[in-house]
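Everything on this sheet refers to the single structure shown next.
All chains are named by letter (A, B, ...) in the order of the sequence lines, taking the proteins before the strands, and each is independently numbered beginning at 1. All of these numbers come straight from a predicted model, not from anything done at the bench.
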Amino acid sequence: MTSTSSSHSEAAPLSGGSAAPPDLLQVRNLTVRFGSVSAVDDVSLRVQRGEVLALLGPSGSGKSTLLGAVAGFWPPEAGEVLLHEVVVAGAGWGLPPERRDVAVVFQNYALWPHLTALDTVAYPIRRTGRRRLAARTEAASILELLRIAHLADRRPAEMSGGEQQRVGLARALARRASLYLFDEPTAHLDAHVRGLFLAELVARRQATGAAAVYTTHDAEEALGLADRVALLDNGRLVQCGTPEQVYSEPVHAWAAHITGAASIIQPAGLLPPSHPPVSGLGGTDLSGPVLVRPGWARFGGTLPGRIRGVRFRGPDSDFLVETPAGEVLIREPGPPTRPVGAAVEWTLTRAWPLPLTQR
Amino acid sequence: MPVAAGRLRSAARTQPTSGPATRGGPAKGPVSQRLVRAVATLAVAAVVVILVLYPLGRLAVVVGTDTSGQLFGGAPVAEVLRTTVALALAVTAAAVPLGTLAALGLARSDVPGRRVLRVAIVLPLLVPGFVLGYSWTQAYGRGGFTDFLFGLPWRSVQGPAGVWAALVVSTVPVVYLLVAVGLAARAEPELARAARSSGAGPLAVLVHITLPLLRPSIAAAAVLSVVSTLDSFAIPQAMGGSGDFTTVTMAIYRRLSLGSDPAAFVQALALALLLVAVTLVVVVPADLWLGPRLRATRGAGPSGPVAVPGASRPHARSTGTGMHARSTRTAMSRWISAGLSLYLVLALALPMVALLAAALTPAVGVPPTPAHWTLDNFRSVLNARSLAAFGRSAGLALLAAGLLTVLGAAVAVLERRRIGRALAGLVTVALVVPGSTVAVALLISYGRWLGGTLLLILLAYLAKLWALAHRPISGALDRFPPGELQAARASGAGLAVAVRTVAARPLAPALLGAFCICGVTALHEVTMSVLLYGPGTETLAVIVLNSAEIGQIGPTAALSLLLTGAVLLPVLALWPAIRRLRTR
């Protein structure tokens, strides 16, 4: 399904061998500019059939612009977009969206205020030349599939945000495209509705086998949903790999922070010879910074520290521990058991060395 | 009475995303505040009664109790009415598609000369109607520009066809503005993108998404077009005044000109009331249909550039949503640019050049070549009488604009409550009541004491243009987030300080805009002025009209240019200030 490599420039291995499955989407050295601003800067990505790629980055990182260039909303300044190995956009030109095999779910739903949910979902079906009655029948079945048949006669103004987003998803499904583009579809949904939507998305993906590109600024969502995650910052691709790779082996401090809670410490002189081996640090020069995720350290052991802060998170508790190497976040299941200010001992079980030239 | 034009005009403003500034606040404030509000409400109500209710009521009573039996005697009322309604429908049938196409075309970001064209398309609003009509006769009439250059006079320019064409030109900007604002407010770019990514081509997006979303704005533009044509006087008088062609407003003017004939006066009153009835026949059903639709909830999502097939993000260098090969999109945009440019040349530039040529030419029949150019016409009209008239016009316009801004703001603030909303409704009614009717109603109400005075003309301006000042300020108040004022109060500012420090800046463009729109309209107003002026109280527009009626082509052209300059120059001077305020 997906590559296991982690790269700064490509989201999937180059398809050099004949055994590699064909790429559904290729983005080659794509640059998109608005005026003097480079919203996307020399980005290359690949998505294979059935794969879900998450574009993770903060606001303004170019995720939505990249998605728009793939959808056909604006042409690249440079580079190419290929769908089914056919170039659909190059420098200064592009096939219009309706001639690309893609469907889009929008952050702000983009439902047409004058159409009911049924007519909205029937719209892409009608564009394929189907008769009105047939299109509406098929649209009704899609609404039924998503368990929102009761919304059929409602207009956007009569629906909640979650309902609107489901209708937006139904419209995209009605397009029956090979590639689905999700532009922060859960950004405006509350936690409960977001969970329902994501579950629905996973179910649909398994049912259709289509590929998807999903933009989000929520690391948890990206890591939990995608086969691979691409990190974007200021329009540039920072890293791309499996969720485990980008979480456990970030290329630098910024990538570590954007993918989850991260403590970066200077372990030089910290670990005594008696300390158990630390996974990920074997043979590594310990003079530089290393990443410690909350689950990579535990209480008990020989390393000294003092609790600076405690945060109850529901199923577990976070303890911010001040150590000679810097502050370390340690996560324990259950409610907090140690007070702020308490002296503790801890053990480092895993770490990931980061380059000295941090961002 | 429904708040007809208020709803129609609300097409021109964005739906508020939050409640109005004071709506939703506590029902009762401190005693002093309630007292101030009550006094203000009473004062505004009194002005509404004086300017609107009493005159219109008196008109209805006078006509209703007339026993002379000559209400419609001797006048081909049915034919005049038929002509007027047919003209209104014909103008609307042409102006609405033209204005809509212009708005859709100029929404594309890659149209060459787009910025200039967007300004040029609304310029006819700044050219006084009479001047526009007169310039067309000089451009296309017998002995006019095209006659001189190509031997191609348009013989019927001084008749129904010419009146229709010039009224279309003067109405297109209104349609353009309403549709352009509708595009910005309703047709968000993501809605078009959603359609394109659902498989729709540019034409399908236009037909299925953009035009249905714009339907209320287009309908409102159509209603305004009908109403303004029914109300029009200057253009029909300038271009059709010498023939058999007569509209209701022209008939009212002619009957009032026969000052010594009581029967003619009564007939003028009856015609004025008839015009109101015809206007309401259009406005009331349209209001009932349009009102809820104009207030319909917009689709979710941020506002942004317009959703037109081919429109794109502001700084993108392509047509965005409508991506095609570069050559195709440039060709389409060039066609749009060329078409609009040709229209503007024929509709505005050529007539204004012809007007200038007529002003520089010493006599009729002399070719308008540089060898014959002279400033004699300008010298002859720059006399004490016209200068005094200009002073009166400028003074009246400034005074009216200042008072109207205050009155408009007062109603906009008061309409947050029920009684204020009723007052706002009445103020709006006066806008859709034809100017001729307003003038006649004021004349029979206060003419005994104020007849022929500048004060009566000022009252007419205030009555007719009040809603013009009220709507932009009300719209700005609607858009003003109440949270900002509350944040200032919560930060320790009193109400007055909060308004001055937080609300004044965001509301300044609307206040200045209201001042400008009222000032400009008052400056070139002629429909009411020509019915109300007396010896020594002519405005400049009246002097121009009178000059044309006695056949002085060169001096009329010179006066027309001076009048246009008097309108254009202040607007051009204030425009940068408004833009600066809006972008801050």
Smallest separation among heavy atoms of [X] and [Y], with atom names:
X	Y	answer
Ala194(B)	Trp112(A)	C-CZ2, 3.7 Å
Leu111(A)	Leu191(B)	O-CD2, 3.2 Å
Arg175(A)	Gly199(B)	NH1-CA, 3.4 Å

With a 4.5 Å heavy-atom cut-off, do [X] and [Y] have their side chains touching?
X	Y	answer
Pro96(A)	Arg196(B)	yes
Phe106(A)	Ser197(B)	yes
Ser198(B)	Thr120(A)	no
Val104(A)	Arg193(B)	no
His114(A)	His208(B)	no
Pro202(B)	Glu98(A)	yes

Original post:
Counting heavy atoms not belonging to Glu158(A), are there more than 12 under 6.0 Å from its CD?
Top reply: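 Yes, enclosed.
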
Subject >> Straight-line distance of Leu115(A) CG to Ile209(B) CD1, nearest 0.5 Å >> reply: 5.5 Å

